[in-house]
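Side chains are part of it too, since the values below use all heavy atoms of this structure and drop only hydrogens, waters and symmetry mates.
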Amino acid sequence: MENILEVHQLKKSFYKNKRAFAAVDGIDFRMKRGECLGLMGESGCGKSTVARMITRLVKPDSGQILLEGEEIGQLRRTLYQKVQMIFQMPRESFDPRHTLGDGIMESMRSQGMGKRQAKERMHRLLEMTGLEETYGSRYPHEVSGGQCQRAAIARALAVDPKILVCDEATSALDVTVQAQIMELLDHLKQEKNLTLLFICHDLALVQAFCDRVLVMEQGKIVESGTPDEVIRNPRQAYTRLLIESAF
């Protein structure tokens, strides 16, 4: 499989009390088209900063992010047609003044799609993600967390992206709903040949869902391999501690 995303020597620092600390410190990795890559580590290790740099919500200090061989900084608006992000708190990712349907249709309308066509497509996307079309007229506060996350996935799919970045997309959901969302993501991955960057602290989910996994510690990638390789034969003490705490 060809590489769809390449990250080279990516760095990002933030300032606290006038002192800089490296959130991401010179990482390198590649993603194959159609694979699910897990990115795990404890809170504050830099996982979400990586996600936000890939989606250009945060600008890197240095390094390269190549999407299909092109630097993402040069893609501008077309980046958001190729890479979409699903957030941990789905309600906060929707405008509370607008319905879920309005949120899903927004990107279609901004690309020039007519209102009737966008509404029909919005209904199809809701159906695809396991929601009845009536959910399009509901507001974020009127649905459950799992239903809102399904709507968020529908919104992400509206532009037919090639990559979904899932930043702790199931961690705010209860176990039953979490399993349903994972089943939905797996189905969509197979059906649409989506590439997924799956950021998660739950080792059991990573093991069940991901093709490969990267372990981050203090802004660096310290371990990589298949989930089974990393779990059964961890090379780093940090990874062993993560595994012991998970099981």
Would you confirm whether [X], through its side chain, and [Y], through its main-chain N or O, come within 3.5 Å as a donor-acceptor pair?
X	Y	answer
Asn3	Leu5	no
Arg30	Glu6	no
Arg121	Met105	no
Gln149	Ala169	yes
Glu92	Met89	no

Hey, does [Y] have a side-chain heavy atom less than 4.5 Å from the side chain of [X]?
X	Y	value
Val165	Gln84	no
Phe21	Ser13	no
Leu67	Ile163	yes
Ile72	Leu66	no
Val213	Thr226	no
Glu217	Cys45	no
Ile86	Ile153	yes

Report the distance from atom [atom1] of [X] to atom [atom2] of [Y], rounding to the nearest 0.5 Å.
X	Y	atom1	atom2	result
Ile65	Glu71	CD1	CD	7.0 Å
His187	Thr129	NE2	OG1	10.5 Å
Gln88	Cys200	CD	SG	10.0 Å
Cys210	Leu39	SG	CG	9.5 Å
Arg109	Gln117	CZ	CD	10.0 Å
Ile104	His123	CD1	NE2	9.0 Å

Item to complete: Could you go through the side chain to side chain contact (heavy atoms under 4.5 Å, CB included) check for Arg52 and Met85 one step at a time?
Response: CA-CA 9 Å; Arg52 282 159 172 73; Met85 189 163 173; 3.5 Å; yes

By side-chain hydrogen bond (donor to acceptor under 3.5 Å, both in side chains), which residues pair with [X], not counting sequence neighbours?
X	result
His201	Glu168
Thr78	none
Lys162	Glu68
Thr99	Asp102

Worksheet entry | Result of checking Val50, Leu57, Val58 against Ile54 for side-chain contact (heavy atoms from CB on, under 4.5 Å) | Val50

Worksheet item: Taking only residues two or more places apart in sequence or in another chain, which ones pass salt bridge (Lys or Arg N to Asp or Glu O under 4.0 Å) with Arg116?
Response: Glu120

Worksheet item: Among all residues two or more places apart in sequence or in another chain, which pass the salt bridge (Lys or Arg N to Asp or Glu O under 4.0 Å) test with Asp211?
Response: Lys189

Worksheet item: Residues in side-chain contact (heavy atoms from CB on, under 4.5 Å) with Glu70, at least two apart?
Response: Leu75, Lys82

Discussion item. Strictly below 4.0 Å, N to O, side chains only: are Arg212 and Glu35 in salt-bridge contact?
Written reply: yes

Worksheet entry | Salt-bridge criterion met for Lys12 and Asp61 (N-O under 4.0 Å) | yes

Look at the side-chain heavy atoms of Ile, Leu, Val, Met, Phe, Trp and Tyr, link any pair under 4.5 Å apart, and say whether [X] and [Y] land in one connected group.
X	Y	result
Met108	Leu164	yes
Leu126	Leu100	yes
Phe94	Val177	yes
Leu125	Leu131	yes
Leu185	Leu37	no

Worksheet item: Which heavy-atom pair separates Leu214 from Ser224 by the least distance, and what is that distance?
Response: CD2-CB, 3.5 Å

Worksheet item: Of all heavy-atom pairs between Pro227 and Gln207, which one has the smallest distance, and what is that distance?
Response: CB-CA, 3.7 Å

Residue pairs, two or more places apart or on separate chains, that pass ring-ring contact (aromatic ring centres under 6.0 Å, His included) and touch [range]:
range	result
residues 65-91	none
residues 202-221	Phe198-Phe209
residues 135-166	none

Discussion item. Heavy-atom count check: over 12 atoms from other residues, nucleotides or ligands less than 6.0 Å from Glu132 CD?
Written reply: no

Practice prompt. Please indicate whether Glu142 has more than 12 foreign heavy atoms, meaning atoms of other residues, nucleotides or ligands, lying under 6.0 Å from its CD.
Written response: yes

Worksheet item: Passes side chain to side chain contact (heavy atoms under 4.5 Å, CB included), Met53 versus Val24? Steps please.
Response: CA-CA 10 Å; Met53 286 192 284; Val24 177; 3.7 Å; yes

Item to complete: Might you work through the side chain to side chain contact (heavy atoms under 4.5 Å, CB included) test for Leu157 and Lys192, ending with a clear yes or no?
Response: CA-CA 10 Å; Leu157 295 175; Lys192 295 181 170 292; 4.3 Å; yes

Worksheet item: Applying salt bridge (charged side-chain N to carboxylate O under 4.0 Å, His left out), which residue pairs with at least one partner in residues 16-25 are found, sequence neighbours left out?
Response: Asp25-Lys220

Worksheet item: Can you check side chain to side chain contact (heavy atoms under 4.5 Å, CB included) on Ile181 and Arg150, steps first, answer last?
Response: CA-CA 7 Å; Ile181 295 297; Arg150 287 177 183 270; 3.6 Å; yes

Fill in: Donor-acceptor pair between Asp28 and Gln9 side chains, under 3.5 angstrom
yes

Show which side-chain atoms of residues 230-243 pair as donor or acceptor with protein atoms under 3.5 Å away, not counting sequence neighbours.
residue, atom, partner, partner atom, Å
Tyr238, OH, Glu42, N, 3.0
Tyr238, OH, Met216, O, 3.2
Thr239, OG1, Glu223, OE1, 2.7

